[in-house]
Amino acid sequence: MSLEITNTPVPSSPLPQFPNLGNVITTDDVSQKGSGSYKADYVNWCRTMHLLHVHAPGWQFALASAPGGGHVWKAPNETGYVVGYFIGPDRQTTPHFPQAIMDNRNNAVAFDKISARDLTDSHRRCLCTSSAAAFGLAWQLWAREEVENPMRPEESKPARSMKKPEKARSMTPAPTPEPTPSVPGIKPEDKELKPEERKLLIGALQEMETEKLNDFMKAFKAVFPVPENGRVSEAINAVKHQTWINDYFKHNA
């Protein structure tokens with residue numbers, strides 16, 4: 001009697017079913033920070049958590065413990081990173097997702113110089129990147145694709161509100177503003193800023209760390225007159241201020 005041998009592969013293990021949140025965000029969830037060459041679209045970490053609570057209940061974000069304790073892992077070049085993942089309602093876990101601990105210029109921070117602020121900022125950043133990797137949440141912001149506009153008419157198409165960046169998650173240049181009509185007796189640089197332009201500038205300042213904001217205010221006061229008890233934010237109202245601030249950010253990002 002002959003023995004028939006077959007080459008049947010062993011069935012692979014079923015893949016875990018993770019929530020698919022690829023179509024969850026809308027333009028209402030997207031915020032902007034910065035201005036000029038440093039304008040960027042993003043979904044803040046708190047809204048990201050809210051969307052997870054609503055659309056992926058029971059899934060909790062966590063940082064993996066590093067060898068030797070703590071949550072900061074050491075890279076071969078002596079910089080640091082964190083590793084994020086999600087724990088599901090049935091204790092299943094998503095693949096680990098590393099996130100470099102970076103400074104405000106997106107440079108990796110040396111392991112021995114990582115502060116509590118660096119760690120907490122990286123925790124929030126890793127939450128957002130891990131959400132995109134595991135669940136597809138806000139993937140459009142990384143791929144620079146269209147985001148659903150919940151208020152658009154049925155017959156219209158969603159506008160492309162995001163531009164292709166030079167590299168992932170870098171600040172993307174904003175379109176050059178259209179020139180405003182000249183006003184007799186007023187120099188172009190002295191023209192008043194539009195409310196939305198001023199709002200973007202103030203918003204960019206509010207995103208700055210305290211030490212860097214103090215440096216900015218000192219530099220601004222050295223160029224523009226500000227009353228002794230006045231506020232720098234109140235002094236920002238003209239095109240010349242916008243031009244100077246964009247140049248300052250370009251050299252002090």
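Residues passing the side chain to side chain contact (heavy atoms under 4.5 Å, CB included) test with V109 are I101, D103, K113, I114, D118, sequence neighbours excluded. Not counting sequence neighbours, the partners of T120 by the side chain to side chain contact (heavy atoms under 4.5 Å, CB included) test are R117, R124. By the salt bridge (Lys or Arg N to Asp or Glu O under 4.0 Å) test, K221 pairs with no residue at all, sequence neighbours left out. R198 is linked by a salt bridge (Lys or Arg N to Asp or Glu O under 4.0 Å) to nothing, counting only residues two or more places apart in sequence or in another chain. Every residue two or more places apart in sequence or in another chain that forms a ring-ring contact (aromatic ring centres under 6.0 Å, His included) with H241 is listed here: F220, F224. With sequence neighbours excluded, the residues that form a ring-ring contact (aromatic ring centres under 6.0 Å, His included) with W59 are F18, F135.
F97 belongs to no multi-residue hydrophobic cluster, having no ILVMFWY side-chain contact under 4.5 Å with any other such residue.
For the pair S122 and M102, the minimum side-chain heavy-atom distance is 4.5 Å or more.
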Under 3.5 Å, sequence neighbours excluded: what are the donor-acceptor pairs made by side chains of residues 77-85?
unit_1, atom_1, unit_2, atom_2, d
N77, OD1, T79, N, 3.3
N77, OD1, T79, OG1, 2.6

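For residues 85-95, no residue pair satisfies the salt bridge (Lys or Arg N to Asp or Glu O under 4.0 Å) rule, not counting sequence neighbours. A salt bridge (Lys or Arg N to Asp or Glu O under 4.0 Å) check over residues 129-143, counting only residues at least two apart or in different chains, returns nothing. Evaluation of the ring pair (Phe, Tyr, Trp, His ring centres under 6.0 Å) test over residues 194-215, restricted to residues two or more places apart or in two chains, returns none. Counting only residues at least two apart or on different chains, the salt bridge (Lys or Arg N to Asp or Glu O under 4.0 Å) pairs with a member in residues 45-64 are D29-R47.
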